[in-house]
Amino acid sequence: MALSEQELHRREERQKLMEAGINPYPSETFEITTTTEDIHQNFEKEPERFEQVSLAGRLMRRRIMGKASFAEIQDAAGRIQIYVARDEICPGEDKSLYNTVFKQLLDLGDIVGVNGFIFTTKTGETTVHVKELTVLTKSLRPLPLPKEVQDEEGNTKTYDAFTDPEQRYRQRYVDLIVNPKVRETFRQRTKLVSSIRNFLDGQGYLEVETPILQPLYGGAAARPFKTHHNTLDMTLYLRIANELYLKRLIVGGFDGVYEFAKDFRNEGMSRFHNPEFTQVELYVAYKDYEWMMDLVEEMIERAALDLHGTTEVQVGENTINFQRPWKRFTMFEAIQHYTDIDISEMDETQLRETAHQLNVPIDDTMGKGKLIDEIFGETCEPKLIQPTFITDYPVEMSPLAKKHRSKPGLVERFEAICNGKEICNAFSELNDPIDQRERFEEQLTLGKRGDEEAMTLDEDFLRALEYGMPPTAGLGVGIDRLAMIMTNQPSIQEVLFFPQMKPEAKQAESSDQEFVDRGVQPELIPVLHKLGIVTITQLQEASPNKLHNDVCGMRKKMKLKEVKNPTKEEVEGWIED
RNA sequence: GAAUCAGUAGCUCAGCUGGUAGAGCAACGCCCUUUUAAGGCGUGGGUCCUGGGUUCGAGCCCCAGCUGAUUCACCA
């Protein structure tokens, strides 16, 4: 890859540092006694603590003014200004640490350590007065550095922001360096997970780990990723859910288990879908879905409080209030509420007609349950902004849920919908092994009908149920979507450090040696690169006359006076086999 | 899979009716000991996504393609 002028320059600086006896990548620990956060919060209160400090960070801005300079370094929490005066960091005769190293060989993006004391400049900015400066890492690539300016009203305006989503997601490390809000979003995500974990731990449930590689995929309706184990010579699937394993643990006698799980679904990507995503699933013995609704309300309300100090969260244009209790609707009630149609007594044919009437797209593979779900998804879901429980789903689409205690054809299931999207899904778990086997068999029939998401039959899971699983309430919460809501982000990519991307288009490049092997003078390789010829294949596809012309022309343009033009015969030699 | 939009300097972007490729920041050189988008003077840096076409002449118009984003479709 051809290096830019700036990259070449930084490589030279790295070399010059080494020649000056400064290791640009030292191995010793650099002792840090404070952080930018600590200084900003506590310097005014207890200045005596900051008479001698040491901290480290990345150089993010620099204002050189002759024999003294101001710069800013950024650590994990924020930035602080540093004041570097020549005669302070170079007390002796040798001023090269300031004149050469600091002013010439360091760049924005380099990582340095400083020792000194904290003071306030006459413009009122808390600043590190540097006594000692240590190079900790030389950065070889220039950062896309935005500028932030505060106007008189204290509003921050950002110029030249690093905004291109592709670049931001592909080079998340750069995004995190230059866009502090991105770091904050991910901190909040982690806080959300901690809040839920603390809550569940507080209830006495056991956090567990279950297999990601599964011989059968189950527990949800989705297409899986398939892989192969060499030694066992068997097909394995990346889990689409961990439900069936957690239930096995309930059979095993734990009365509350949960897992934060990466699940994998081989389906489309969108701002709500990533092929791998995180769910927390929870199973509690001797409970039902009514009980689980209370738990969800409490857990999510608490998460909002932990993150924001209030139950109200601004999401786009909506203010969402997680304060308990949430609204509860049965699915049929919700559909009736939004469409004025009562579908509770309809058969499959009537449902099809209703779907057509409501302009809900359907196809022939859909059974009764799926039709109801489509009607609901189309007419109700987007309208549910405040957290709402939708309960009592059709049995056909919930093969792992227990049949409703009083309403035939339905199961004891709920989803919480928030901001028009499902954030969790829960049931009173089906624990009758005979019923469970029948439900799996119905799924097999659906599968034969063409439903690619129909579930497979897991004999071992049925065997476990046959030993007896206590009545159990189960829950799955989509962490990514909940994180989107809690951090007010419009897309799932914004709450995943490394969202799935198309492979980066990368042009293969032939080595210089390969060019030399074909008879190209080494000095002419940059000329060929400049002409866009970076592979032998490209070289071989060129026409000899044109290439000879181009090379001679480009050599002149690049002012390579000491380099001889190739003869036409030589150029023909490069191209021939 | 479809539609829309975009692709110009390291970054963010201008570029008129088709007429010599621009700005700010970043970089490089010089000056400057309390600046804060520091400042002053100077310099370098371009496959205008690619390939065709129209034209005396294309960053700009036309066609095809590539890449990406967004929306939709798909998706518990």
Side-chain angles (χ1 to χ4, degrees), chain A residues 2-10 12-13 61-72 79 81-88 98 103-104 107-109 119-125 127 129 141-151 156-170 174 178 219-223 240-241 243 263 265-275 277 279 361 363 369-370 373-374 376-377 381 393 397-400 413 415 417 421-426 452-453 455 476 478 481 490-491 493 501-505 529-533 554:
Chain A
L3 294 173
S4 71
E5 191 185 350
Q6 292 189 37
E7 286 171 299
L8 286 170
H9 183 73
R10 285 173 181 237
E12 283 167 23
E13 289 173 331
R61 222 184 278 183
R62 210 159 46 144
R63 300 178 280 278
I64 295 178
M65 308 177 334
K67 297 189 190 70
S69 301
F70 287 91
E72 280 168 38
R79 290 189 188 183
Q81 176 166 273
I82 64 172
Y83 172 75
V84 183
R86 185 190 68 184
D87 298 333
E88 293 278 348
Y98 182 78
K103 276 169 65 176
Q104 291 181 356
D107 294 295
L108 299 187
F119 75 111
T120 305
T121 65
K122 67 182 183 193
T123 52
E125 179 147 354
T127 301
H129 187 120
R141 281 177 189 262
L143 286 170
L145 275 178
K147 295 266 173 198
E148 279 170 15
V149 187
Q150 294 203 340
D151 62 23
T156 304
K157 275 183 85 178
T158 306
Y159 296 82
D160 299 351
F162 181 62
T163 53
D164 177 31
E166 189 195 359
Q167 298 293 331
R168 288 185 48 230
Y169 302 153
R170 284 198 199 283
V174 174
V178 303
R223 278 175 287 165
I240 57 174
E243 170 155 357
D263 292 338
R265 297 187 183 175
N266 204 343
E267 289 172 345
M269 288 159 58
S270 75
R271 71 190 177 98
F272 292 105
H273 299 84
N274 195 63
F277 65 101
Q279 286 199 89
D363 66 58
K370 190 102 179 169
D373 187 47
E374 290 293 324
F376 173 78
E381 209 172 47
Y393 284 60
M397 51 178 303
S398 311
L400 301 166
R413 168 178 175 179
E415 291 190 359
I417 314 282
K421 281 278 163 188
E422 169 204 343
I423 56 171
C424 79
N425 181 20
E452 290 186 78
E453 293 169 359
M455 291 187 193
R481 289 190 186 170
S491 73
Q493 288 95 331
M501 304 283 285
K502 282 192 186 177
E504 198 166 359
H529 283 180
K530 197 79 179 172
L531 288 168
I533 296 176
M554 185 56 80

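Naming: A, B, ... by sequence-line order, numbering from 1 per chain. Not measured: the values here are computed from a predicted model.
Across B:G46 and B:G65, the matching P atoms stand 32 Å from one another, rounded to whole Å. Spacing of P atoms, B:A58 relative to B:U20, comes out at 12 Å, to the nearest Å. Only the C1' atoms considered, B:G45 is 25 Å distant from B:A38, to the nearest whole Å. The separation of B:U50 from B:G10, taken at their P atoms, amounts to 14 Å, rounded to a whole angstrom. Rounded to whole Å, the C1' atom of B:G24 lies 10 Å from the corresponding atom of B:A37. Nucleotides B:C66 and B:A21 are separated by 24 Å at their C1' atoms, to the nearest Å. Atom name C1', nucleotides B:G57 and B:U17: the rounded distance is 15 Å, in whole Å. Across the C1' atoms, B:U8 and B:U47 are found 11 Å apart, a figure rounded to whole Å.
Between the CZ atom of A:R413 and the C1' atom of B:A76 there is a distance of 6 Å, given to the nearest Å. If you measure from atom CD of A:Q6 to atom C1' of B:C11, you get 10 Å, rounded to the nearest angstrom. Rounded to an integer number of Å, the gap from CZ of A:F272 to C1' of B:C72 is 13 Å. Between the CZ atom of A:R481 and the P atom of B:A76 there is a distance of 10 Å, given to the nearest Å. Atom CZ in A:R61 sits roughly 17 Å away from atom C1' in B:A27 (whole-Å rounding). Following rounding to the nearest Å, A:N266 (CG) and B:C74 (C1') show an atom-to-atom distance of 13 Å. In this structure, the CE atom of A:M269 is 16 Å from the C1' atom of B:U71, given to the nearest Å. Atom CZ of A:F162 and atom P of B:A69 are 13 Å apart (whole Å).
Among the heavy atoms of the strands lying under 4.0 Å from A:E125 is at least one base atom, whether or not backbone atoms are also near. Among the heavy atoms of the strands, none lies under 4.0 Å from A:Y169. Contacts of A:Q167 with the nucleic acid, taken as non-hydrogen atoms under 4.0 Å apart, are absent. Among the heavy atoms of the strands, none lies under 4.0 Å from A:R141. The residue A:I64 sits close to a base: some heavy atom pair falls under 4.0 Å. At the heavy-atom level, A:R265 lies under 4.0 Å from the strands shown only through sugar-phosphate atoms. If you check every strand for non-hydrogen atoms under 4.0 Å, A:Q81 touches a base. Looking at heavy-atom distances under 4.0 Å, A:D107 makes contact with sugar-phosphate atoms alone, never a base.
Between A:E13 and A:T120, it is A:E13 whose nearest contact on RNA chain B lies nearer the 5' terminus. For the pair A:E5 and A:K122, both in contact range of RNA chain B, the more 5′-proximal nearest nucleotide belongs to A:K122.
Comparing B:C74, B:A76, B:U35 against the side chain of A:S270 picks out B:C74 as the nearest. Listed candidates were B:U33, B:A69, B:G68. Nearest to the side chain of A:D87 is B:U33. Comparing B:A37, B:U35, B:A76 by their closest approach to the side chain of A:F70 singles out B:U35. Checking B:U33, B:G68, B:A76 against the side-chain heavy atoms of A:A221 singles out B:A76 as nearest. When the nucleotides B:U33, B:U35, B:A76 are ranked by their closest atom to the side chain of A:T127, B:U35 comes out on top. Taking every side-chain heavy atom of A:N425 into account, B:A76 is the closest of B:A26, B:U33, B:A76.
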Evaluate the side-chain contact (heavy atoms from CB on, under 4.5 Å) criterion for residues A:K370 and A:M397: first the C-alpha distance (whole Å), next the side-chain angles of each, then the deciding distance (0.1 Å), finally the verdict.
CA-CA 6 Å; A:K370 190 102 179 169; A:M397 51 178 303; 5.8 Å; no
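Across every strand in view, B:A2 sits in a pair with B:U71 that passes the Watson-Crick or G-U test at under 3.5 angstrom. Figure legend. B:C41 is base-paired to B:G29; pairs are counted as Watson-Crick or G-U wobble with both atom distances under 3.5 Å. Taking a pair to require two hydrogen-bonding distances under 3.5 Å in either a Watson-Crick or a G-U wobble arrangement, B:G59 remains unpaired. Using the Watson-Crick or G-U wobble rule with both distances under 3.5 Å, B:U12 pairs with B:A23.
Here A:H9 does not reach the OP1 or OP2 of B:A27: none of its side-chain N or O atoms lies under 4.0 Å away. Between A:R63 and B:U35 there is no side-chain polar atom (N or O) within less than 4.0 angstrom of OP1 or OP2. Phosphate contact (OP1/OP2 of B:U71, side-chain N/O of A:R271, threshold under 4.0 Å): present.
Note: A:Q493 CD to A:M501 CE = 8.0 Å, rounded to the nearest 0.5 Å. Remark: A:I82 CD1 to A:R61 CZ distance equals 13.0 Å, nearest 0.5 Å. Interatomic distance, NZ of A:K67 versus OH of A:Y98, reported as 9.5 Å (0.5 Å rounding).
Put simply, the side chain of A:R265 gets close to the backbone of A:I240: a donor and an acceptor are under 3.5 Å apart.
The pair A:K421-A:E381 does not meet the salt-bridge criterion, since no charged nitrogen lies less than 4.0 angstrom from a carboxylate oxygen.
Side-chain N/O atoms of A:Y83 and base N/O atoms of B:U35 include no donor-acceptor pair closer than 3.5 Å.
Side chains of A:E13 and A:H9: a donor on one and an acceptor on the other come within 3.5 Å.
Around CZ of A:R62, the count of heavy atoms belonging to other residues, nucleotides or ligands within 6.0 Å exceeds 12.
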